[in-house]
Amino acid sequence: MASMRDALRYCMAHGLAFAAFRWNGRTHLWAGGDLDMPVLSHRTLAPLEGVFILRPFHEEGRSISVLVPRVMIDLDEERIDLEPLRSLQRNTIRMPDNPPLQWDQAGHEEAVEKAQRQMAEGALHKVVLSRSIAVPFERSLLPELFEEGLKAHPDAFVCLANTPYGLWLGASPERLVMADGQEVTVDAIAGTLPVEQAPALSTDWGMKERVEQEIVTLAVEEAFAELGLHDVSWQGPDVLHSGNIAHLHSQVRGRLGEVPLAKLAERLHPTPAVCGTPTDAALRFILANEPRDRMLYAGYWGPWNVEGRTELFVNLRCLLATEDQVHIQVGGGITADSRAQDEWRETELKAQSWLGPIAAVKARIS
């Protein structure tokens, strides 16, 4: 019999397509054999049950990769049987062709100022700019880092997944959509402050953060109205703590009626919280100016239609693993009132969500 780490090491060593994630109070391992996962559109996703889906931030054709689990293991059991995994097809370990390119501070600040020039011209209202931070870390220690992430982020969707886009680890505080039967809930999260500086009441936050959060909430409400969801209501904003940082957080609820859930998810993505407004202009700016493809960063992933329940999370607070480095993905919303140096510091602050667990793992093995 084996441990959680043993099960994850086996999946990684044999190149299995898998997702290990905490959901509904338990830690699950869903594994298939082939990394060439089926790729579907939202129209063909609707009838599937009991699968794990992955949607990149941007990809021509708006494709969705689907992990159809052939083996499902409860990783919280004290003794785990690895025998079911041995029947799965082995794959060559896949690494990204090139590690993500990185902005230095000067490049990031130049992009902020360029965005603000477009805002002054009226072309943009907000754009989310992201960067990648490379940290030395052995890929073989990802199972330990997954466990550390579970402890460090008790309220987040912590997930380690081997995918066609590489090996990713995330701890997202933000649901794109949760559905239980006809009932749907969407998080609207924006605005960021260090926990020690964040007022307890949302009304005491600064105008920049409150406007950012209102933009995201309105975008969700507009999507619900456009698609014709029923019984729409909202609550918030309140203050959400996520590790060492705090956000403003609202929830929008409704009933699907005849609207396919997959259609709602695609209408919501990408949200102003990870892209900007207007969406098309912000997306063009990101694709033209960020130095690398975001891949799964700021896309969404999660379990789909498990006994009528779906919970998809925006892939934030995440990293991409290569052989001897992890590349932490962080970003922040740029508005006309942003200060370039403050935006850089915000990305440094968000990186602590994984820098802390990485340091803890390294300290234990040294």
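What's counted below: heavy atoms across the whole structure, side chains too, no hydrogens, waters or symmetry copies.
- To the nearest 0.5 Å, the span separating CD on Gln102 from NE2 on His327 amounts to 7.0 Å.
- Across Gly107 and Asp104, no two heavy atoms sit closer than the pair N-OD1, 2.7 Å.
- Looking at Val112 and Gln116, their side chains come closer than 4.5 Å, going by heavy atoms from C-beta outward.
- Distance check, rounded to the nearest 0.5 Å: CD of Glu209 to CG of Asp337 gives 10.0 Å.
- Side-chain contact check for Arg26 versus Glu77: some heavy-atom pair is nearer than 4.5 Å.
- When all heavy atoms are compared, the tightest approach of Phe285 to Ala111 is CZ-O, 3.7 Å.
- Using modelled atom types and a 3.5 Å distance limit, the side chains of Gln89 and Arg70 yield no donor-acceptor pair.
- Hydrophobic clustering (side-chain heavy atoms under 4.5 Å, transitive across Ile, Leu, Val, Met, Phe, Trp, Tyr) groups Leu150 together with Ile328.
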*Carefully, step by step, assess Glu144 and Arg9 under the rule salt bridge (charged side-chain N to carboxylate O under 4.0 Å, His left out).*
CA-CA 10 Å; Glu144 284 86 345; Arg9 287 194 187 102; 2.4 Å; yes
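- We find the CZ-SG distance between Arg284 and Cys275 to be 10.5 Å, quoted to the nearest 0.5 Å.
- The shortest side-chain heavy-atom distance between Leu312 and His269 does not fall under the 4.5 Å cut-off.
- Contact annotation: the side chain of Asp6 never approaches that of Ile80 to less than 4.5 Å [non-hydrogen atoms, C-beta and beyond].
- Only one option out of Phe313, Tyr300, Trp304, Phe21 pairs with Phe52 in a ring pair (Phe, Tyr, Trp, His ring centres under 6.0 Å); it is Phe21.
- When every heavy atom of Pro173 is checked against every heavy atom of Arg317, the shortest pair comes out as CD-CG, 4.1 Å.
- With rounding to the nearest 0.5 angstrom, the CG atom of Leu142 is 7.0 Å from the CG atom of Leu319.
- Interatomic distance, Leu316 CG to Ser172 OG, rounded to the nearest 0.5 Å: 4.5 Å.
- The backbone N or O of Gly191 lies less than 3.5 Å from no partner atom in the side chain of Arg210, so there is not a single donor-acceptor pair.
- Closest approach of Ala246 to Ala198, counting heavy atoms only: CB-CB, 3.6 Å.
- Around atom NZ of Lys362, more than 12 heavy atoms belonging to other residues, nucleotides or ligands sit under 6.0 Å away.
- When hydrophobic clusters are built by joining Ile, Leu, Val, Met, Phe, Trp and Tyr residues whose side-chain heavy atoms come closer than 4.5 Å, directly or via intermediates, Met207 is not grouped with Met119.
- Atom CD of Glu78 has 12 or fewer neighbouring heavy atoms from other residues, nucleotides or ligands inside a 6.0 Å radius.
- The shortest side-chain heavy-atom distance between His125 and Pro272 does not fall under the 4.5 Å cut-off.
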*Start with the C-alpha distance between Arg294 and Gln329, add both sets of side-chain angles, then the distance that settles side-chain contact (heavy atoms from CB on, under 4.5 Å), and finish with yes or no.*
CA-CA 8 Å; Arg294 289 187 178 184; Gln329 313 295 308; over 6 Å; no
*asked:* One pair to check against side-chain contact (heavy atoms from CB on, under 4.5 Å): Leu145 and Ile358. What are the steps and the verdict?
replied: CA-CA 7 Å; Leu145 189 57; Ile358 287 168; 3.9 Å; yes
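- Applying the side-chain contact (heavy atoms from CB on, under 4.5 Å) test between Leu48 and each of Asn305, Leu40, Ile53 identifies Leu40 as the sole match.
- Between Trp234 and Val220 the shortest side-chain heavy-atom distance does not fall below 4.5 Å.
- For Asn315 (side chain) and Gly299 (main-chain N/O), no donor-acceptor pair under 3.5 Å exists by modelled atom type.
- Salt bridge Glu346/Arg339: absent, no basic N to carboxylate O contact under 4.0 Å.
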*Determine, stepwise, if the pair Trp354 / Val135 fulfils side-chain contact (heavy atoms from CB on, under 4.5 Å).*
CA-CA 10 Å; Trp354 282 114; Val135 180; over 6 Å; no
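- Using a cut-off of 4.0 Å between Lys/Arg side-chain N and Asp/Glu carboxylate O, Arg175 and Glu311 are scored as salt-bridged.
- Contact check for Leu8 versus Cys11: no side-chain heavy atoms found under the 4.5 Å cut-off.
- Of the possible donor and acceptor atoms, none in the side chain of His153 sits under 3.5 Å from a partner among the backbone N and O of Gly149.
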*Verify salt bridge (charged side-chain N to carboxylate O under 4.0 Å, His left out) between Lys208 and Glu212, making sure each step is shown before the conclusion.*
CA-CA 6 Å; Lys208 175 185 180 292; Glu212 276 192 80; 2.6 Å; yes
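- Nearest heavy-atom pair, Leu85 versus Ala31, reported as atom, atom and distance to 0.1 Å: CD2-CB, 3.9 Å.
- Atom CD of Gln105 sits in a crowded spot, with more than 12 heavy atoms from other residues, nucleotides or ligands closer than 6.0 Å.
- Among all heavy-atom pairs drawn from Ala200 and Val239, the shortest one is O-CG2, 3.4 Å.
- For Arg79, the salt bridge (charged side-chain N to carboxylate O under 4.0 Å, His left out) criterion is met by no residue, not counting sequence neighbours.
- The distance from the CE atom of Met178 to the CG atom of Leu176 is 12.5 Å, given to the nearest 0.5 Å.
- Contact annotation: the side chain of Glu348 approaches that of Ile133 to within less than 4.5 Å [non-hydrogen atoms, C-beta and beyond].
- For the residue pair Ser250 / Gln213, a side-chain donor-acceptor distance below 3.5 Å is found, with atom types taken as modelled.
- Under the 3.5 Å distance criterion, with hydrogens and angles disregarded, a donor-acceptor pair is assigned to the side chains of Arg131 and Thr347.
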*asked:* If you apply the rule side-chain contact (heavy atoms from CB on, under 4.5 Å), what do you find for Phe137 with Val361, and how did you get there?
replied: CA-CA 10 Å; Phe137 192 81; Val361 170; 3.9 Å; yes
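- Using a 4.0 Å cut-off between a side-chain N of Lys or Arg and a carboxylate O of Asp or Glu, Arg364 and Glu148 qualify as a salt bridge.
- There is a side-chain donor-acceptor pair under 3.5 Å between Ser130 and Arg292.
- Remark: Glu214 CD is loosely packed, at most 12 non-hydrogen atoms of other residues, nucleotides or ligands lying under 6.0 Å away.
- Arg139 pairs in a side-chain contact (heavy atoms from CB on, under 4.5 Å) with only one of the listed residues (Leu167, Thr322, Asp324), which is Leu167.
- A single hydrophobic cluster is seen to contain both Tyr297 and Val127, as judged by linkage of ILVMFWY side chains at heavy-atom distances under 4.5 Å, directly or through other members.
- Put simply, Val177 and Val66 are part of the same group of oily side chains (I, L, V, M, F, W, Y) that touch within less than 4.5 Å, one to the next.
- Side-chain atoms of Ser202 come within 3.5 Å of backbone atoms of Pro237 as a donor-acceptor pair (strictly under, hydrogens ignored).
- The closest donor-acceptor contact from the side chain of Trp205 to the backbone of Pro199 lies under 3.5 Å.
- Leu193 and Val128 fall into different hydrophobic clusters, where Ile, Leu, Val, Met, Phe, Trp and Tyr side chains are chained together by heavy-atom contacts under 4.5 Å.
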